Chemist: 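Before I ask anything, let me first share the structure, which is written out below as structure tokens.
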Amino acid sequence: MKTYPSFDGTPIAYHDLGTGPAILLLHGFSGNADLNWLQPKIAEKITAAGYRVIAPDLRGHGASPYDAPPEAWPADAIARDQIALTAHLGEAPLATVGYSMGAISALRFHLLSRKTGRLILGGIGDSVADEHNTDRNTAFRAAIEDGLAGRDTPGAKAILARARATGGSLIGYLGALSARIYTPADLLATFDVPTLVLTGEDDLDNGSGPALAEKIPGARYRQLKGNHLTAVLDPALPEAILAELAAAS
């Protein structure tokens, strides 16, 4: 992996694969780029189609550790990391593809930069347009705090296993969670970028995918098979990504 210094000097690691127009891939919470994009062969399919894949490990995750306490995280840090990354590359992405937290971050990245040519948002629904919604964050935070306190709970076991599998840390996860900012509907209404929303048929973890698509002008929705965790493995996901890229090229 390569690294670059972000807006505050923090080193962020990223995969840089293939050649062609840049496609930015943003992974989900407590994951990393390898787990979300390389292992399922999604990055491989995109590069084989003639694109350059840029897939960072997001701040506080994987090979991009950031162990500052939550209150010390810069506002919109993960989105600003992507602005710094594209400046480092000297190229705005033809498309930004995100899954779950990565899709939430893709919305913030586009809101702040207006530089991505196309948005492909997986695993999120209309609850990410509610700036007051804390339900999902609360459950994650409880699991992380149990893990940090050494409590033997199912949530703690799951998040600790995830950290071991991806090279992340609980304090990094807590910071990323605490710094998460949703994009309310009035700001989504200002988006002028081709957008595709994809969620599994059994995925309501972040609300309704079709309802989110209705909040973004001109956005389209496509249903995948599976739930929040398994939909990323549906072959229809890379097929939809490649179709969007072909339309953008």
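Keep in mind the model is a prediction, meaning the values are calculated, not measured. Excluded from the calculations below are hydrogen atoms, water molecules and symmetry mates; all remaining heavy atoms, backbone and side chain alike, are included.
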Chemist: Are Glu145 and Arg151 close enough for a salt bridge, meaning some N to O gap below 4.0 Å?
Modeler: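 A salt bridge is absent here (no side-chain N lies under 4.0 Å from a carboxylate O).
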Chemist: Hey, is Asp8 close enough to Arg59 for a salt bridge, meaning N to O under 4.0 Å?
Modeler: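 Yes, Asp8 and Arg59 are salt-bridged.
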Chemist: Before giving the answer on side-chain contact (heavy atoms from CB on, under 4.5 Å), spell out for Leu38 and His15 the whole-Å C-alpha distance, their side-chain angles and the decisive distance to 0.1 Å.
Modeler: CA-CA 9 Å; Leu38 275 66; His15 297 270; 3.8 Å; yes
Chemist: Quick one: pull up CZ in Arg118 and CG in Leu94 and give me the separation to the nearest 0.5 Å.
Modeler: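 Going from CZ on Arg118 over to CG on Leu94, the span is 7.5 Å.
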Chemist: At what distance, to the nearest 0.5 angstrom, does CG of Asp57 lie from CE of Met1?
Modeler: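 One gets 4.0 Å once the value is rounded to the nearest 0.5 Å.
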Chemist: Compute the centroid of each ring, for Tyr66 and then for Trp73, and state whether the two points are separated by less than 6.0 Å.
Modeler: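 Yes, ring centres under 6.0 Å apart.
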Chemist: Going by distance alone, is a donor N or O of one side chain under 3.5 Å from an acceptor N or O of the other, for Asp203 and His228?
Modeler: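 Looking only at side-chain atoms, His228 and Asp203 do form a donor-acceptor pair, the distance falling under 3.5 Å.
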Chemist: Determine whether the side chains of Ser208 and Asp126 contain a donor N or O and an acceptor N or O closer than 3.5 Å.
Modeler: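 No, because no side-chain N or O of Ser208 sits under 3.5 Å from a partner of the opposite role on Asp126.
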Chemist: With side chain to side chain contact (heavy atoms under 4.5 Å, CB included) as the test, pick out the partner of Tyr51 among Ile23, Leu17, Thr19.
Modeler: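 The single option meeting the side chain to side chain contact (heavy atoms under 4.5 Å, CB included) with Tyr51 is Ile23.
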Chemist: Check the angle between the aromatic planes of Tyr173 and His61 and answer parallel, tilted or perpendicular using the 30° and 60° thresholds.
Modeler: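 Plane angle between 30° and 60°, so tilted.
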Chemist: Taking the side chain from Ser113 and the backbone from Phe109, do they hold a donor-acceptor pair closer than 3.5 Å?
Modeler: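 At least one qualifying donor-acceptor pair exists.
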Chemist: Under 30°, 30 to 60°, or over 60°: which ring-plane class applies to Phe191 and His110, parallel, tilted or perpendicular?
Modeler: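 Rings of Phe191 and His110: perpendicular, over 60°.
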Chemist: Quick one: do Arg222 and Glu244 make a salt bridge, cutoff under 4.0 Å?
Modeler: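 Looking at Arg222 and Glu244, the cut-off is not met.
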Chemist: Taking all non-hydrogen atoms of both residues, which atom of Pro56 and which atom of Ile12 are closest, and how far apart?
Modeler: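 Smallest heavy-atom distance, with atoms named: CB-CG2, 4.4 Å.
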Chemist: Could you tell me whether Lys225 and Asp234 make a salt bridge, using a distance below 4.0 angstrom between a side-chain N and a carboxylate O?
Modeler: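 Between Asp234 and Lys225 there is no salt bridge, as every charged N stays at least 4.0 Å from the carboxylate O atoms.
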Chemist: Does the side chain to side chain donor-acceptor pair (under 3.5 Å) test come out yes or no for Thr230 and Asn227, once each step is laid out?
Modeler: CA-CA 5 Å; Thr230 62; Asn227 58 31; 3.0 Å; yes
Chemist: When you measure from the centre of the six-membered ring of Phe29, is the NZ or CZ of Arg180 under 6.0 Å away and within 45° of the axis?
Modeler: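 The answer is yes; both the distance and angle limits are met.
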Chemist: What's the verdict on side-chain contact (heavy atoms from CB on, under 4.5 Å) for Ile46 and Leu25, showing C-alpha distance, side-chain angles and the deciding distance?
Modeler: CA-CA 10 Å; Ile46 294 172; Leu25 303 183; 4.0 Å; yes
Chemist: Any chance CG of Asp192 has more than 12 other-residue heavy atoms, nucleotides or ligands included, within less than 6.0 Å?
Modeler: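 No, not enclosed.
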Chemist: Run Thr86 and Glu91 through side-chain contact (heavy atoms from CB on, under 4.5 Å) and show every step you take.
Modeler: CA-CA 6 Å; Thr86 55; Glu91 180 181 3; over 6 Å; no
Chemist: May I ask you to check whether Thr190 and Arg114 show a side-chain donor-acceptor distance below 3.5 Å?
Modeler: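 Judged by distance alone, the side chains do pair up.
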Chemist: Considering only NZ, NE, NH1 and NH2 on the basic side and carboxylate oxygens on the acidic side, decide whether Arg52 and Asp16 come within less than 4.0 Å.
Modeler: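 Answer for the salt bridge query: yes.
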Chemist: What distance separates Leu58 CG from Ser64 OG, expressed to the nearest 0.5 Å?
Modeler: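 Interatomic distance, Leu58 CG to Ser64 OG, rounded to 0.5 Å: 7.5 Å.
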Chemist: Please report whether the ring centroid of Phe7 lies less than 6.0 Å from that of His88.
Modeler: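 When the ring centroids of His88 and Phe7 are compared, they turn out to be at least 6.0 Å apart.
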Chemist: Would Ile171 and Ile144 count as a side-chain contact (heavy atoms from CB on, under 4.5 Å) here? Give the steps.
Modeler: CA-CA 8 Å; Ile171 192 65; Ile144 294 168; over 6 Å; no
Chemist: Looking at Thr134 and Asn137, would you say the former's side chain and the latter's main chain have a donor-acceptor pair under 3.5 Å?
Modeler: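 Not confirmed, Thr134 side chain does not pair with Asn137 backbone.
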Chemist: Any side-chain donor-acceptor pair under 3.5 Å between Thr166 and Asn32?
Modeler: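 No, no side-chain donor-acceptor contact under 3.5 Å.
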